[in-house]
Amino acid sequence: MIGMLYQPLLLALGGMVFVVLSVVLRRTRFRSFYLLLPAVVWFLAALEEWYMVTYQPQMDIRIDALFFMMLIALVTPTGVLLAVLRRRRPER
């Protein structure tokens, strides 16, 4: 199941979702730039997966995928929570 989701195109689309959310929420949330942190991690994972599929397809056991999956699992909820919980400062 994870192998089906961990594809370069799907990872890049996940990164694009966070970029679009950051741009859309810029007007309502002062801290929406926190959504760019998960976007960067998703794009890095997509780039790394594209490299592995293109230039080293013979690799069966991949420890690097575990690192990026762990990084995605940690940074995505953290970025979303920081963007949601941090409110805009009241204007005076």
Side-chain angles (χ1 to χ4, degrees):
M1 170 93 173
I2 291 178
M4 290 177 12
L5 298 175
Y6 198 75
Q7 298 294 324
L9 180 62
L10 294 176
L11 291 169
L13 287 175
M16 284 303 297
V17 166
F18 285 110
V19 169
V20 168
L21 279 175
S22 175
V23 170
V24 168
L25 294 177
R26 185 181 300 173
R27 289 183 168 260
T28 60
R29 299 258 178 210
F30 182 67
R31 304 287 184 189
S32 67
F33 66 88
Y34 282 119
L35 292 174
L36 295 177
L37 294 173
V40 168
V41 172
W42 282 73
F43 283 134
L44 285 175
L47 183 66
E48 188 268 340
E49 184 63 22
W50 170 81
Y51 175 80
M52 292 302 285
V53 168
T54 305
Y55 293 107
Q56 296 180 351
Q58 73 276 10
M59 299 291 285
D60 288 338
I61 300 174
R62 303 236 339 258
I63 302 300
D64 58 332
L66 291 175
F67 170 74
F68 277 105
M69 282 191 262
M70 180 188 67
L71 198 60
I72 287 172
L74 290 175
V75 172
T76 300
T78 304
V80 170
L81 284 176
L82 286 174
V84 170
L85 296 178
R86 302 286 276 179
R87 299 269 183 209
R88 179 177 257 186
R89 283 189 242 161
E91 297 179 17
R92 296 176 192 202

Sole candidate of V23, L25, V24 that passes side chain to side chain contact (heavy atoms under 4.5 Å, CB included) when paired with L35: L25

Only counting residues at least two apart or in another chain, list the ones meeting ring pair (Phe, Tyr, Trp, His ring centres under 6.0 Å) with Y51. Y55

Sort and list the pairs that fulfil side chain to side chain donor-acceptor pair (under 3.5 Å) and have at least one residue in residues 9-24, not counting sequence neighbours. none

Only distances under 3.5 Å count here; give the side-chain donor-acceptor pairs of residues 14-21 to other protein atoms, sequence neighbours excluded, each with its distance to 0.1 Å.
none

Distance-only check: which donor-acceptor pairs under 3.5 Å involve side-chain atoms of residues 72-82, not counting sequence neighbours?
from: T76; atom 1: OG1; to: W42; atom 2: NE1; distance (Å): 3.0
from: T76; atom 1: OG1; to: I72; atom 2: O; distance (Å): 2.9
from: T78; atom 1: OG1; to: L74; atom 2: O; distance (Å): 2.7

For V53, the other hydrophobic cluster members (4.5 Å side-chain criterion, sorted by chain and number) are none

Between atom CG of L11 and atom CE of M69, what is the distance when rounded to the nearest 0.5 Å? 9.5 Å

Out of curiosity, L13 CG to Q7 CD, how far, rounded to the nearest 0.5 Å? 12.0 Å

P8 versus A46, closest heavy-atom pair with distance: O-CB, 3.5 Å

Which residues pass the side chain to side chain contact (heavy atoms under 4.5 Å, CB included) test with L44, not counting sequence neighbours? V40, F68

